[in-house]
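Worksheet: one structure, shown below.
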Amino acid sequence: MIEIGLTGKPNAGKSTFFKSATMADAEIANYPFTTIEPNVGVAHVRVECACRELGVYPCGNCIDGWRFIPVKLIDVAGLVPDAHKGRGLGNEFLDDLRQADAIIHVVDASGSTDIEGNEVGLGEHDPFEDVDFLEKELNMWLFGILKKNWDKMVRRIQMEKKDPARYIHEQLAGLGFDELTVRESLRDTGKQFNEFSDDDLLIFARNLMERRFKILVAANKADKAPENNIKRFMDSGAVICSAMFELTLRTASQNGYVRYLPGDDDFEIVKELNEKQKKALETIRAFMKKYGGTGIQEAINRIVFDKLGYIVVYPVEDENKYTDSKGNVLPDAMLVKKGTTPKELAYKIHTDIGKNYIYAVDAKRKIRISEDHELQNGDVIKIVSGA
Ligand SMILES: Nc1nc2c(ncn2[C@@H]2O[C@H](COP(=O)(O)OP(=O)(O)O)[C@@H](O)[C@H]2O)c(=O)[nH]1
Ligand SMILES: [Mg+2]
């Protein structure tokens with residue numbers, strides 16, 4: 001499953017984001033417990049289900065034509081300045097990140113907390129400082145690891161005539177860098193590895209980090225942020241959001257007060273409310289009208305589809321009815337990387353199916369596709385295997 005780390009300074013709203021995005025919604029969660037460990041939970045991307053265009057709506061696996069596909073969310077320990085030196089929960093923070101495929105950086109866009117997360121007056125802190133500081137901490141953390149071992153690594157590579165990228169990749173095992181990333185990051189320094197100054201090593205660390213971690217900024221607390229901050233965050237490609245509003249809506253939905261699907265740009269009140277509650281919900285509605293929703297679902301979708309480049313494909317066994325062998329319509333929606341081939345998909349479904357792969361059928365077009373054909377978003381695929 002894709003793993004997304006939620007990071008940010010204390011009080012930015014990470015836990016509120018986490019709770020709202022992973023809250024067990026009876027309708028959506030296909031897991032008995034949405035919280036796996038205290039800080040690990042299951043959230044979902046939301047896509048239009050293929051059943052509508054195939055004329056098999058409702059397929060039974062979507063809600064009103066919306067398909068929710070699980071991804072893992074990690075509420076990473078609070079980040080403070082100089083975390084890379086072990087300050088605060090620094091090391092824990094960085095350990096939690098090792099397993100993440102990408103990062104949502106939750107920022108207090110309202111500027112009402114300083115760089116360490118202490119409360120200050122609304123708009124007093126410039127939240128763009130926080131954006132820079134996460135990147136700097138990540139780079140410095142990796143620089144520290146590299147620096148500690150660099151001379152020894154250079155000697156080993158030279159004495160034993162090792163391939164630099166391969167060797168460095170092996171030495172960094174566990175941090176999630178692949179060999180190509182290391183190779184390209186070395187190349188882009190424009191220097192020979194054995195002639196690196198500290199500055200070059202820092203550039204190398206930065207190159208590695210940029211390739212390793214896609215970061216999406218979630219401009220949180222937008223419900224009370226100054227207009228100018230919101231405008232700047234929008235211009236910088238951040239997602240404007242209010243984790244607090246999303247949490248309120250999901251709680252209200254769980255308790256039967258509203259009808260709301262995560263990612264909707266509106267909701268319906270379905271139970272008697274007092275004036276105060278009504279007023280609170282109308283404030284949320286106005287925010288959603290303005291920004292197209294609370295922004296929480298958008299953040300999860302954007303990181304998976306735009307930043308990580310995933311697409312959705314539907315494996316089936318019957319290419320005419322779009323079912324599995326038991327008759328379930330579009331039983332699975334799988335997230336795969338853009339560029340995935342039918343054979344790679346087969347391996348993802350099951351190693352045996354991959355090993356015994358014979359051919360694949362594009363069920364929408366009813367044609368066989370070659371094994372090196374690139375799957376497209378929304379494809380419905382039948383894999384024929386000798387397994
Ligand atoms: N106004 C507003 N407050 C929020 C929002 N998200 C979180 N908060 C508040 O900010 C404080 C810190 O939130 P929390 O999720 O614990 O932050 P964390 O330390 O990053 O995990 C709490 O009082 C939250 O209620 C939001 O979207 N809008
Ligand atoms: Mg927290």
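Start at 1 and go down the list; that is how both ligands and their atoms are numbered.
More than 12 heavy atoms of other residues, nucleotides or ligands shown are found within 6.0 angstrom of NZ on K366. The number of heavy-atom neighbours closer than 6.0 Å to CD of E272, taken from other residues, nucleotides and ligands shown, is 12 or below. Within 6.0 Å of NZ on K271 lie more than 12 heavy atoms contributed by other residues, nucleotides or ligands.
Formation of a donor-acceptor pair under 3.5 Å by the N149 side chain with backbone atoms of L146 is not found in this model. No donor-acceptor pair closer than 3.5 Å links the side chain of T189 to the backbone N or O of S185. In this structure, K9 contributes its side chain and D114 its backbone to a donor-acceptor pair below 3.5 Å.
Shown are the protein N/O/S atoms under 2.8 Å from the Mg ion (ligand 2), given by residue and atom: S15 OG.
Electrostatic pairing of D188 and R211 counts as a salt bridge here, judged by a charged N lying under 4.0 Å from a carboxylate O. Salt-bridge annotation for K364 and E53: present, with a side-chain N of the basic residue lying under 4.0 Å from a carboxylate O of the acidic one.
Ring pair F128/F233: centre-to-centre distance below 6.0 Å.
Ligand 1 is surrounded by K9, P10, N11, A12, G13, K14, S15, T16, N220, K221, D223, K224, S242, A243, M244, each with at least one heavy atom closer than 4.0 Å.
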